[in-house]
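Bear in mind that the values here come from a model prediction, so they are computed numbers and not experimental data. Naming convention: chains lettered A, B, ... in sequence-line order (proteins, then strands); numbering from 1 in each chain.
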Amino acid sequence: MMSHESPSEAPTAPHSNVHPRLLDNLNPEQLRAITLGHESALVLAGAGSGKTRVLTTRIAFLIQSGQATPGSILAVTFTNKAAKEMLTRLSAMMPINTRGMWVGTFHGLCNRLLRAHHRDANLPQTFQILDSADQQSAIKRLMKTLNIDDEKFKPKEMAWFINGAKDQGLRANMVEAKDEFTRRQVEFYQAYDEQCQREGVVDFAELLLRCQELLAKNPALLEHYRSRFKFILVDEFQDTNRLQYQWIQLLAGKDTAVFGVGDDDQSIYAFRGAEAANMRDFQRDFARGNVIKLEQNYRSQGNILDAANAVIANNKDRLGKNLWTDEGKGEPIRIYAASTDADEAQFVIDEVCALHREGKNLSAMALLYRSNAQSRVLEHTLFRAGVAYRVYGGLRFFERMEVKHALAYLRLAGNPADDGAFSRVVNFPPRGIGARSVEQVQAFAVRYGVSLYEAALNGIAQNTITGRSAAAIGTFLRVIEGLKSSGDARLSLAELVDEALEKSGMKSHYTAEREGADRLENLAELVTACAQFEETYEGEDSPLVGFLTHASLEAGDHEAAVNDDALQLMTVHAAKGLEFDHVFLGGLEEGLFPHENSLSDFAGVEEERRLMYVAITRARKRLYLSYAGQRMLHGQTRYGIVSRFLDEIPAPLCKFIVMPEKQAAYGGSGGGYSWGNNQAGARGSYGSAHNERRSVSGGGAGSYTGFNQTIPKDENAVEYGREGAPDVSRANFETAKKDALPFGIGQNVNHAKFGDGVVLAFEGRGTDARVQVKFRREGTKWLALQYAKLTVLA
DNA sequence: TCAGAGGTAATTTTT
DNA sequence: TTACCTCTGA
C-alpha cells in the first residue's frame, strides 16, 4: 500500500499554477478524486476518510491548474456550517477571493437564483422565507379560514404532506389522490400555495421547487447557468431528496462535470425525504462507473472501525465499502450492562470524571443517544456531579419567541402582505386586540381579497371596524407605518430594530415582566446581530431583506463558545460529521435503538443500523456502549432487552465491564447470567456500597436476576473478552426470558380479532405482562398477555 | 386577557 | 414523566 506520506506526482495541466504542497499527503484514491479531469464522478467517502479535504482540494486544484475559473464552479452542501467550512478552507488554500464562487446550501443557492430572477419566478423581490414553525402557523391559519376540521387533518401532518410532495418535485395538481382523504389534502396543498403566493412568502421546500421550475421554464436562463457552471460539486449526496437531484440534473448541462461525494452507509435522513438511492441513480446518470472509494480512515482506531464494519455489514442495501486504518487496533470497545437508566448514567459520568482526572478535556468526550428524552437522566446525574456539559439541540437564536416577534415587525414593515407576521404581532405585546377584533379584520380581508394589513387600514377608514379595538388597531398600524418610513429613510438596520422594539412596546413589556430579563438580553443581541450583519453585508437586496433571509436560512448556531471545556451531549443524528476522542453511546436496547417506530419494516431497521454505524465512527480512541435493563420512558417503567446492534459487534473487540462485587458474585460460575431486573432490588439501595444480588431462578415469570451496581473503582474491575464475564448477549437473554415471555420483539403474531401483527415491545411479567403489537389493519395496541390470545406465527 | 385545568402524544432535523 | 396545546372561567 502506498504510504499517504509520500509526495504525490499528480497529473496537472500544463502551464498550471498548482501550489507545490497542495497535493501533499494524499492517499492514491484521494489524489485520483482530486485530480480528475473534466468528468463526472461519484466519490464514496467513508466516515473519517478526508471527504471535506478532497472536496476543497479539488476545487483549489481545478482553479490552480487552470481548468476552471472560480465563477465556473458551483459547490452545494446541506448545512451552512459545511458551506462555511468549505469557504474557510478554500481561502486558506488560495489567495484568491471566493466571492465569485457559488458555494452554499441548496436553499441558499436557490434563494440567490430566485432573488436574481424574481420576476421570472413570479415572486416579489422582497419575498420572505418561512421556517418550519412559520409554515406550521400559516397552515393552521389557513385551516381556520377554510373551516377544516383540525381533528381529522392535523396541521403537522398537513405540513408533512405538503413538504413531502414538494420534496418530490410535485405540485398539487401533480399529486395522485387515490382516496378521499388524500384528495382533501391535495386540495389544501393548492390553497396553501395560493395563500403563500398572496402573502409573498415561500417555505423551505418551495425555495427549491420554485427554483427548479424557474430553470425548467426558462430555456434561455437555464442555458446561461448551464454554460456558466462547468463544475458542480455536491456534498453529502446520500442526503439529497428527489427534488434536489432533479435540480442538479437540470443545472448540469452537457459540458458540466458533476462531482458527487457521499456515503450511503451514513444515510440517516430518509425520514425527511432523503433518498440514498439517488447515489445509484447518480452512478447511472452521471458517473457511469466512475466511482472512487475512500476507505482509509484517519479518525478511529482499528477496533472501532472493525466494530463499525461488522455492524454495517448486516445491511443488505449498500453500495459496499470497508473502512481500514494503519494506526493499529487501539483500545477494546467497552461494554457496560446497567440495571437501570440511572445506573447507566452514573457509570457513564464516573468514567467521564475518571478520564477528566487523567487530564482529558471534557470537550473531547461526547455522550450520544438515540432520542432527546434520554438526555434527562444524564443531565440530572451530571448536574449532581458538578460536571460542565452542553446539550445540543433545542431552540436556536432566531427561533426564540421574542426574536421572532421582533422580526415579524420588520417583516411587516418590509412586506405588509405578510399575514403571518401580522397575526403574530397584531396583539403582541398585548394591546387589547382580542380574537373578535382580529376576526373582524379577517372577514374584511376575505371579503375584499386583501391582506390583513390592508384590511385593517381600510376597515378603520371605512368604519367597518369599530369600537374599542379600532383605536388599538390604529396604534398598531401607526407603529408599522413608522417603521416603513424609517426603513425608507435608510435608517441602519440596528436602528430600525431598536425602533421596532421601542415603538411596539416590546421593550417595556419585557422590562415589566418578571422573567423578561433573558428576553431583553436576546433582543439586545438581535440589535448587535443586525449591526454586525450590516457591516459585512454585500448582497444586492436591501440590508433588511438580506437580514430577514439570513435569519430564516441560518437560524443560528447550536454550538457553544469554542473555548469552554464542556462535555458534549447530543443525539446520534446531531453527531454526524463530528468526532470525539471518547464516545459514550447509551440506551442500546431494543425499541430504543433500534427505535420501536422503525422496527416494523426492513428499511427502517437498516436506517437504524446506519445510525449505529454513524455513532460508532464518531469515536477516535475509546468507545463505550451501554444499555439498561430498566428504563423510565413516558412515565412508565420499561424493561428492555439488549440491542441487536450490540450483538453484531464481534466479542473479541469488546471488553465487558463488571463491577468488583459483581465479579465476585458471578466469578467462575460460568454463565447463568441474565439481566433485566428484580424490581425490589433495583428500587432498593441504589448507589449503596453493598451489592445485593437477588436471584429467583426457575421461578417462571420471576426468572430474572436483579442487582445493584456500584461504580467501577479501578481498571482491575474490568475483564477482557467474554471469558469469565457474564454473557450479555441477546441470545442468552432470550433463553432466560423464554418461559416468561413467549415473544421476541419483531415476532409475527396473530390475534383472533385484530388479525396479523408484529410484536414491538413488552413490559411487566407474569400476570402483568403486556405486549405491544402493531397490527396490519388495526394499528398499534398494548395487550395484556394474560387475556390476549396470540398465536405465534412463523 | 390570562392563568390554570385538563387532555394528549411522546424518534431522529436542516433549511 | 413532561411538554405542549386547547379550553374554560374569572
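- Residues satisfying the salt bridge (charged side-chain N to carboxylate O under 4.0 Å, His left out) test with A:R411, not counting sequence neighbours, are A:D134, A:D418.
- At the heavy-atom level, A:S552 lies nowhere under 4.0 Å from the strands shown.
- Taking 4.5 Å as the limit, some side-chain heavy atom of A:F204 sits within range of a side-chain heavy atom of A:S132.
- To the nearest angstrom, C1' of B:dT15 lies 15 Å from CG of A:D235.
- At distances below 3.5 Å, at least one donor-acceptor pair connects side-chain atoms of A:Q238 with backbone N or O atoms of A:D263.
- Taking every nucleotide of DNA chain C with any atom under 4.0 Å from a non-hydrogen atom of chain A, the first and last of them, 5' to 3', are C:dT1 to C:dA3.
- Between A:T571 and B:dT13 there is a side-chain N or O to OP1 or OP2 distance below 4.0 Å.
- Whole-Å rounding puts the A:L592 CG to B:dA10 P distance at 16 Å.
- A straight line from CZ of A:F271 to C1' of B:dT13 spans 5 Å, rounded to a whole angstrom.
- A:S598 contributes no side-chain N or O that forms a donor-acceptor pair with the base of B:dT12 under 3.5 Å.
- Ring stacking is absent between A:H107 and B:dT15, as the pair misses the limits of under 5.5 Å between centres and under 30 degrees between planes.
- For the C1' atoms, the distance from C:dT6 to B:dT11 is 25 Å, rounded to whole Å.
- Annotation: side chain of A:Q266 is not in contact with side chain of A:E236 (no heavy-atom distance under 4.5 Å).
- If you measure from atom NE2 of A:H509 to atom P of B:dT1, you get 12 Å, rounded to the nearest angstrom.
- Taking atom CZ on A:R112 and atom P on B:dT15, their separation rounds to 18 Å, with Å as the unit.
- At the heavy-atom level, A:N427 lies under 4.0 Å from the strands shown only through sugar-phosphate atoms.
- When each of A:A435 and A:L553 is assigned the nucleotide of DNA chain B with its nearest heavy atom, A:A435 is the one assigned upstream, toward the 5' end.
- In this structure, the ring of A:H573 has its center less than 6.0 angstrom from the ring center of A:F271.
- Dashed line: the shortest gap from a side-chain N or O of A:R396 to OP1 or OP2 of B:dT13 is not under 4.0 Å.
- Within the nucleic acid shown, A:I433 comes within 4.0 Å of sugar-phosphate atoms alone, with no base atom in reach, counting heavy atoms only.
- As rounded to whole Å, 9 Å separates atom P of B:dT12 from atom NE2 of A:H573.
- The side chain of A:N372 contributes an N or O atom lying less than 4.0 Å from OP1 or OP2 of B:dT13.
- Looking at A:N111, its side chain never comes within 3.5 Å of a backbone N or O of A:H107 through a donor-acceptor pair.
- When the C1' atom is compared between C:dA3 and B:dT14, the two are found 23 Å apart, to the nearest whole Å.
- Looking only at distances, no side-chain donor or acceptor of A:E344 sits under 3.5 Å from a matching main-chain atom of A:G586.
- By the 4.5 Å heavy-atom criterion applied to side chains, A:L130 and A:Q136 are not counted as neighbours.
- The distance between atom CD of A:E607 and atom P of B:dT12, rounded to the nearest whole Å, is 14 Å.
- Among the protein residues, A:Y269 comes within range of the sugar-phosphate backbone only, with heavy atoms under 4.0 Å from sugar or phosphate atoms but none that close to a base.
- Mapping A:G432 and A:R370 onto DNA chain B via the closest heavy atom, the residue that lands nearer the 5' end is A:G432.
- Note: CZ (A:R272) to P (B:dT12) measures 13 Å, nearest angstrom.
- Taking 4.0 angstrom as the limit, A:N80 places a side-chain polar atom (N or O) nearer than this to OP1 or OP2 of B:dT15.
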